[in-house]
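Take a look at the structure set out below.
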Amino acid sequence: MRLLYSFPRPRISLRYIWPWSWAVAAPKKMVAMAKKEAELANGGEPQEKFESASRPPFKIGDVRAAIPSHCWVKDSWRSMSYVLRDVVVIAALALAAGHLNSWIFWHVYWLAQGTMFWAIFVLGHDCGHGSFSDSVRLNNVVGHLLHSAILVPYHGWRISHRTHHQNHGNIDKDESWHPLTEKTYRGMASSSRTLRFRLPFPLFAFPAYLWWRSPGKEGSHFHPNSKLFRPEEKQDVMVSTICWSAMVASLLIFSWVCGPVAVLKFYGVPYLVFIMWLDLVTYLHHHGHRERLPWYRGKEWNYLRGGLTTLDRDYGWINNVHHDIGTHVVHHLFPQIPHYNLVEATKAAKPVLGKYYREPEKSGPLPLHLFGVLLRSLRVDHFVSDEGDVVFYQTDPQLYAGWQQKSH
């Protein structure tokens, strides 16, 4: 890592890039490796320790004031140009796949089209935040079209995602990939722990989250009477559920006309790739840093402290494709900023944020290094204490040890 990291950039060998080789490694071994790397990079000299849970010496208004005023301006035409770009690419990929009908190209198509599904999700996400346009109607129309096309209930997700932003870093109120308390973790069935912590299952969690939310929480993104929503939001949720149902019906009709295999090849597999992108990115923007990051309860939590626990990530060539979603810290603090201004806004905010901004590890053309980050986090970030207003992730050393014994 560069400049502001408390630890140096990890040196990941090829055997750790290969995902399945991580499944049998023990947490203690990785902790020892991290310590050894830190000692080697620093010539054996200890680093000055930065307490990530300390209260920042600045206020959110100081960060806001550092961001140029033009970064807040929303340009509807520019936003629509990104929609047009992505839709043209999606159509071109589908036409190319149908024309070539080659098994070699199908694999390229699935990865590329799934990434493009993820890209239009990000644009719909901007609609949900209101950063797409100043027009609420345009935001809702475009958001419904984009999200329904990839089987996301726009308003249902928009409302729960708003809850996530308003309570980021709050153990009790956060909505997305929040930590499990030790009591909840100990009460989980072995199968539930496997789904939560063992690859590839966490990368396919999003559809289940839409239907049943996270462990310890109740509700559905499709049901207007869910605990997720206020009474005045019921109609919006119903509209989005109807749009989602219309998309499902369309896929069934296409399956009847063209055959289920064609729908699976053109839509089903890219959808799975999109889900993997969504879960990977969402998880790693809140987990996986070498430095222990705090989570808060009660009076220790506030909006700024919670937002400063989020992480930026570098995705190499994919940064532009998925609309710079990796600039996540400033986005979490100020979700009203359009995605095309987030890079500039981040550069302006960094001098104020200081050590509370954690410089992302530089990616190669493709962000393969993030597989190692994900796997390491799934091995050590298991639960937080049931008590305390400032807590950190703890590790269950028996979790992976038990799986390793079963595999033998």
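Only a predicted model underlies this, so the values are computations on that prediction, with no experimental measurement involved. No hydrogens, no waters, no symmetry mates; every other heavy atom, side chains included, goes into these values. By convention here, the first residue in the shown sequence is residue 1.
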Report the C-alpha distance between S131 and Y340 in whole Å, list the side-chain angles of each, state the deciding distance to 0.1 Å, and finish with yes or no for side chain to side chain donor-acceptor pair (under 3.5 Å). CA-CA 10 Å; S131 61; Y340 42 81; over 6 Å; no

For E233, is there an ion pair with R162 - N to carboxylate O distance below 4.0 angstrom? yes

Taking the six-membered ring for Trp, are the ring centroids of Y356 and F58 within less than 6.0 Å of each other? yes

State, without any angle test, whether S176 and H286 hold a side-chain donor-acceptor pair at a distance under 3.5 Å. no

Less than 3.5 Å apart, any donor N or O on the side chain of H331 or H125 sitting next to an acceptor on the other? yes

Under 3.5 Å, is there a donor-acceptor pair between the H161 and H129 side chains? yes

Distance (rounded to the nearest 0.5 Å) between I171 CD1 and T181 OG1: 8.5 Å

Using the ring of each side chain (for Trp, its six-membered ring), is Y315 parallel, tilted or perpendicular to H285, with breaks at 30° and 60°? perpendicular

Lys/Arg-Asp/Glu bridge criterion (N-O < 4.0 Å) met for D386, K183: no

Consider only side-chain N and O atoms of Y209 and D279, and report whether a donor and an acceptor are under 3.5 Å apart. no

With distance as the sole criterion, is a donor-acceptor pair present between the side chains of D389 and W301 under 3.5 Å? no

Can any side-chain N or O of D174 pair as donor or acceptor with the backbone N or O of G169 at less than 3.5 Å? yes

Can you tell me if N167 uses its side chain to pair, donor with acceptor, with the backbone of H164 under 3.5 Å? no

Under the criterion side-chain contact (heavy atoms from CB on, under 4.5 Å), I'd like the reasoning laid out for T346 against V329: C-alpha separation, chi angles, the key distance, then a yes or no. CA-CA 8 Å; T346 298; V329 177; over 6 Å; no

Side chains of H155 and H147: is there a donor and an acceptor less than 3.5 Å apart? no

May I ask you to check whether D126 and H339 show a side-chain donor-acceptor distance below 3.5 Å? yes

Test: R292 cationic atom under 6.0 Å from Y393 six-membered ring centre, within 45° of axis: no

Would you check if Q394 and V384 make a side-chain contact, meaning some heavy-atom pair closer than 4.5 Å? no

Between S226 (side chain only) and G219 (backbone N and O only), is there a donor and an acceptor less than 3.5 Å apart? no

Could you check H168 against T310 for side chain to side chain donor-acceptor pair (under 3.5 Å), going step by step and ending with a plain yes or no? CA-CA 8 Å; H168 46 211; T310 61; over 6 Å; no

Could you tell me whether a side-chain N or O of W244 sits under 3.5 Å from a main-chain N or O of L151, the two making a donor and an acceptor? yes

Under 3.5 Å: donor-acceptor pair, side chain of D314, backbone of S363: yes

Ring-plane angle category for W177 and H287, please: parallel below 30°, perpendicular beyond 60°, tilted otherwise. perpendicular

Side-chain donor-acceptor pair present, D86, H323, cut-off under 3.5 Å: yes

Donor-acceptor side-chain pairing of Y283 and S377 below 3.5 angstrom: yes

Keeping the roles fixed (side chain from S240, backbone from V237), state whether a donor-acceptor pair exists under 3.5 Å. no

Checking side-chain polar atoms at under 3.5 Å, does W277 have a donor or acceptor matched by the opposite partner on T115? yes

Donor-acceptor contact present, side-chain R379 to main-chain L399, <3.5 Å: no

Taking the side chain as every heavy atom from C-beta outward, state whether L311 and L284 have any pair of such atoms under 4.5 Å apart. no

If we ignore hydrogens and angles and just use 3.5 Å, is the side chain of Y303 paired with the main-chain N or O of L333 as donor and acceptor? yes

Single hit among Y109, W110, F105 for ring pair (Phe, Tyr, Trp, His ring centres under 6.0 Å) with H107: W110

